[in-house]
Amino acid sequence: MTTGVILALCRVHQLIEVPGNVGVSAIDKRPVDGPVHVRRLGLHGDIQADREHHGGVDKAVYAYASEESSVWEVELGHPITPGFFGENLHLSGIDVSGAIIGERWLVGSEVELEVTMPRIPCSSFQHRVERTRWIRQFADRGLPGAYLRVLTMGTIKAGDSVTVTHRPDHGVTVSSWITNASLGSAKLLLDEHHEGRLFLGPNMLGKVQQVLGRGRAAMGGSSAPFPPVPKVTGNTEPSRPQNRVE
């Protein structure tokens with residue numbers, strides 16, 4: 001299996017003012033020294049200012065690859081320091097945007113993470129980068145990085161290995177989903193979810209159902225929406241005793 005390394009662990013440095021209803025953002029994340037405990041909702045000491053759209057069990061950790069940052073350094077014309085994109089894990093050696101939804105990583109010797117969805121760029125991200133049309137540019141480039149849920153808590157640090165321990169067969173990557181969320185890929189994900197081989201959290205499940213709903217309408221079928229997906233409350237991890245968050 002593929003093995004990479006954590007180059008930097010990043011968490012919020014300070015809240016910054018941004019346009020919008022919330023008014024502040026925790027996107028300003030910077031490297032921290034020493035070990036950091038990873039809990040069910042992310043790195044200890046990290047926060048999300050806009051909890052309606054960021055954070056939660058299915059967006060507990062955000063990872064980005066240094067190899068992908070290098071691409072943006074060329075396009076933006078300046079260095080991209082670890083944490084600048086708001087990532088918690090700044091990695092090397094792992095194809096983060098090429099990760100398959102449901103892929104699992106062992107970080108260090110005890111923390112297990114599972115890829116849940118791509119990062120969807122927001123107005124706070126655009127404000128930080130100070131580039132017009134950044135939301136569209138970032139999404140279209142197909143290098144979104146990956147959100148992950150915490151399956152097994154523990155302590156990690158910069159320099160720890162990151163090993164891909166499981167890769168689902170469906171083949172839908174975070175990159176392909178953000179650039180081309182097709183009817184076919186949505187069907188694959190939903191089938192895997194219903195058959196118990198993949199757990200889609202409410203956010204991603206809702207997006208999959210939206211794509212399927214649009215596909216049915218385009219083919220002349222009913223355009224009625226799927227039943228609403230309930231919000232996550234309490235411990236809603238999939239039933240996998242060997243991977244249960246303790």
Side-chain angles (χ1 to χ4, degrees), residues 1-11 29 31-46 55-69 82-83 85-119 143-177 189 192-193 195-201 203-204 232 235-246:
M1 285 291 186
T2 303
T3 299
V5 64
I6 300 176
L7 297 181
L9 280 176
C10 307
R11 62 188 178 195
K29 301 189 190 298
V32 295
D33 295 327
V36 176
H37 195 70
V38 181
R39 304 183 186 277
R40 184 169 174 266
L41 294 177
L43 273 62
H44 180 72
D46 195 32
V57 293
D58 295 317
K59 299 180 181 179
V61 176
Y62 176 50
Y64 209 77
S66 64
E67 292 85 353
E68 296 170 347
S69 294
F85 280 0
E87 74 270 21
N88 302 115
L89 302 182
H90 189 78
L91 309 176
S92 179
I94 296 290
D95 185 3
V96 177
S97 292
I100 296 172
I101 294 171
E103 183 174 301
R104 296 180 201 162
W105 301 350
L106 177 65
V107 184
S109 61
E110 54 189 19
V111 173
E112 187 179 22
L113 306 176
E114 184 176 79
V115 174
T116 58
M117 65 189 78
R119 189 257 190 87
L143 298 175
Y147 278 122
L148 304 103
R149 71 167 58 93
V150 179
L151 298 181
T152 306
M153 298 189 296
T155 300
I156 59 177
K157 63 184 184 303
D160 277 351
S161 61
V162 180
T163 303
V164 179
T165 60
H166 170 71
R167 186 167 282 142
D169 294 330
H170 60 76
V172 181
T173 67
V174 292
S175 177
S176 66
W177 181 258
L189 292 175
E192 292 285 300
H193 176 76
E195 293 171 12
R197 292 189 295 270
L198 174 69
F199 177 78
L200 297 176
N203 189 296
M204 188 62 187
V232 176
N235 189 346
T236 58
E237 292 297 323
S239 178
R240 287 194 297 254
Q242 71 275 22
N243 294 323
R244 185 177 299 160
V245 174
E246 299 173 351

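- With no hydrogens or angles considered, no side-chain donor-acceptor pair links T152 and E110 at under 3.5 Å.
- The backbone N or O of I100 lies less than 3.5 Å from no partner atom in the side chain of R167, so there is not a single donor-acceptor pair.
- Side-chain atoms of L113 and V107, non-hydrogen and from C-beta on, do get closer than 4.5 Å to each other.
- Contact of the I101 side chain with the M204 side chain is registered, since non-hydrogen atoms from C-beta on lie closer than 4.5 Å.
- Counting only N and O atoms by type, the side chains of T163 and T3 include a donor and acceptor under 3.5 Å apart.
- Between atom CD1 of residue I156 and atom CG of residue L89 there is a gap of 5.0 Å, rounded to the nearest 0.5 Å.
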| request: Would you check, one step at a time, whether the test side chain to side chain contact (heavy atoms under 4.5 Å, CB included) holds for V36 with K157? | output: CA-CA 6 Å; V36 176; K157 63 184 184 303; over 6 Å; no

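- Listed here is the closest heavy atom pair of L200 and H193: N-ND1, 3.0 Å.
- Interatomic distance, NZ of K29 versus NE2 of H90, reported as 15.0 Å (0.5 Å rounding).
- Annotation: H37, atom NE2; neighbour count of heavy atoms from other residues, nucleotides and ligands within 6.0 Å is above 12.
- No side-chain heavy atom of M153 sits less than 4.5 Å from a side-chain heavy atom of V111.
- Remark: side-chain polar atoms of E67 are paired, donor with acceptor, to backbone N or O of G93 under 3.5 angstrom.
- Annotation: the span from L7 atom CG to S66 atom OG amounts to 5.0 Å, rounded to 0.5 Å.
- Across all their heavy atoms, P144 and Y62 have their closest contact at O-OH, 2.7 Å.
- Looking at F199 and T116, their side chains never come closer than 4.5 Å, going by heavy atoms from C-beta outward.
- Between D160 and V5 the shortest side-chain heavy-atom distance does not fall below 4.5 Å.
- In this structure, M117 and V174 have side chains that are not in contact, with every pair of non-hydrogen atoms separated by 4.5 Å or more.
- When E103, R197, R104 are each tested for a side-chain contact (heavy atoms from CB on, under 4.5 Å) with P168, only one passes: E103.
- Taking CD from E114 and CG from L198, the interatomic distance works out to 7.0 Å, rounded to the nearest 0.5 Å.
- The shortest non-hydrogen separation linking V162 to I94 is O-CD1, 3.5 Å.
- Here CD1 of I6 is found 8.0 Å from OG of S161. Values are rounded to the nearest 0.5 Å.
- Here CD of E112 is found 5.0 Å from OG1 of T165. Values are rounded to the nearest 0.5 Å.
- Side-chain contact check for T173 and S176: at least one donor-acceptor pair (N or O, by modelled atom type) lies under 3.5 Å.
- No side-chain heavy atom of V38 sits under 4.5 Å from any side-chain heavy atom of T155.
- Relative ring orientation between F85 and Y64 is described as perpendicular, the plane-to-plane angle rising above 60° on a 0-90° scale split at 30° and 60°.
- Inter-residue side-chain proximity for L9 and N88 is flagged as unmet; no heavy-atom pair is nearer than 4.5 Å.
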| request: Give the intermediate values and the outcome of side chain to side chain donor-acceptor pair (under 3.5 Å) for residues Y147 and R119. | output: CA-CA 6 Å; Y147 278 122; R119 189 257 190 87; 4.8 Å; no

